[in-house]
Amino acid sequence: GAVVSQHPSWVICKSGTSVKIECRSLDFQATTMFWYRQFPKQSLMLMATSNEGSKATYEQGVEKDKFLINHASLTLSTLTVTSAHPEDSSFYICSARDGHRNQPQHFGDGTRLSIL
Amino acid sequence: AQTVTQSQPEMSVQEAETVTLSCTYDTSESNYYLFWYKQPPSRQMILVIRQEAYKQQNATENRFSVNFQKAAKSFSLKISDSQLGDTAMYFCAFMKGGTSGTYKYIFGTGTRLKVLA
């Protein structure tokens, strides 16, 4: 149980394009989803927290217009990197937790984003 | 603000031996949860073990156990009978409990563990 699917696993695109990453909870309803960014050999950096049906809460220093997050249903959240540039290249991971308080986060397999 | 510290950037252990990874944290909260996650080379984040702060008994999951010292704010992970598949990055994480929290994690910087054949 508690499976989170993230798609795509790897994407390469040209500078200036927008890229959408999907995060789905397959067997539970995710009232809260989280988006992280991870640089090589470093820890996970929380970018934003999204709750179903409301606007995402972004961490300090994260550009909300650059990283658009939508959590339109209890099983799907999307992260769109707009007008991507090489410095946006990174590993992005989503996680989700169900409606029960104090439950652990369940992570997707991550998306490796490379901007040329 | 809460902080999580993992003071061992890298460790190695011989196969079948036991290794302990350290984690300390700082918080003024009384209700919180602690987790250990494993991230193998595939980069998938896998929950290893969790501990509720209100529980005095240390959590165990097969070969994995924790030494939770609440007063010292210490939460170490012991891996017994280490296996090659245990080679991974290990992250300690703190989460505030209660009904008003955002349920977000505070991660440590990680410990890279290598199990040697």
Side-chain angles (χ1 to χ4, degrees), chain A residues 1-10 21 23 28 30-52 54-60 62 69 71 90-113, chain B residues 1-10 21 23 25 29-55 59 61 66 88-114:
Chain A
V3 177
V4 175
S5 173
Q6 187 172 340
H7 178 81
S9 58
W10 197 356
I21 302 170
C23 182
F28 67 99
T31 54
T32 307
M33 287 186 168
F34 304 86
W35 288 95
Y36 295 87
R37 183 173 181 175
Q38 187 179 31
F39 293 102
K41 297 186 178 182
Q42 292 189 23
S43 188
L44 281 70
M45 181 188 77
L46 180 65
M47 299 174 66
T49 303
S50 72
N51 292 294
E52 185 265 339
S54 61
K55 290 184 178 180
T57 302
Y58 290 81
E59 295 298 302
Q60 190 173 10
V62 177
I69 291 171
H71 191 165
S90 192
F91 190 68
Y92 293 88
I93 310 176
C94 73
S95 71
R97 56 179 295 281
D98 68 22
H100 295 94
R101 290 191 294 269
N102 304 319
Q103 290 299 306
Q105 295 179 24
H106 303 283
F107 288 83
D109 289 346
T111 297
R112 187 183 305 277
L113 175 62
Chain B
Q2 292 84 16
T3 59
V4 176
T5 302
Q6 293 180 249
S7 59
Q8 305 151 315
E10 294 186 0
L21 281 57
C23 173
Y25 58 95
E29 302 289 335
S30 58
N31 182 9
Y32 55 88
Y33 296 77
L34 296 163
F35 306 88
W36 278 99
Y37 279 86
K38 165 186 176 181
Q39 188 180 42
S42 65
R43 303 191 79 169
Q44 181 187 14
M45 291 288 285
I46 301 167
L47 178 64
V48 175
I49 201 164
R50 64 178 285 184
Q51 176 79 44
E52 294 87 345
Y54 63 84
K55 289 188 178 179
E61 285 289 344
V66 298
M89 193 76 164
Y90 287 80
F91 293 102
C92 178
F94 170 99
M95 183 182 81
K96 176 183 173 184
T99 58
S100 61
T102 60
Y103 309 113
K104 65 181 182 181
Y105 285 171
I106 307 298
F107 278 104
T109 51
T111 295
R112 186 171 303 277
L113 176 68
K114 188 171 184 178

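Just so we're clear, the structure is a prediction, and the values are computed from it rather than from any experiment. Every chain is numbered from 1 and lettered A, B, ... according to where its sequence line falls, protein lines coming before strand lines.
Using a 4.5 Å cut-off between heavy atoms, A/Q42 touches chain B through its backbone atoms (N, CA, C, O) alone. For chain A, no part of B/Q6 is nearby; none of its heavy atoms comes within less than 4.5 Å. With a 4.5 Å cut-off on non-hydrogen atoms, A/L44 touches chain B through its backbone and its side chain both. Of the atoms belonging to B/R43, heavy atoms from both backbone and side chain fall under 4.5 Å from chain A. For a residue to count as touching a neighbouring chain, one of its non-hydrogen atoms must lie under 4.5 Å from one of that chain's; by this rule A/Q6 does not touch chain B.
The aromatic rings of A/F107 and B/Y105 are tilted relative to each other, their planes meeting at an angle between 30° and 60°.
The line from CE of A/M45 to OG of A/S90 is 7.5 Å long, rounded to the nearest 0.5 Å.
Pairing each heavy atom of B/M89 with each of B/T109, the nearest pair is CE-O, 3.7 Å. Nearest heavy atoms, A/L113 versus A/Y92: CD2-CE1, 3.7 Å. Shown here for A/S43 and B/F107, the closest heavy-atom pair between the two residues is OG-CB, 3.5 Å.
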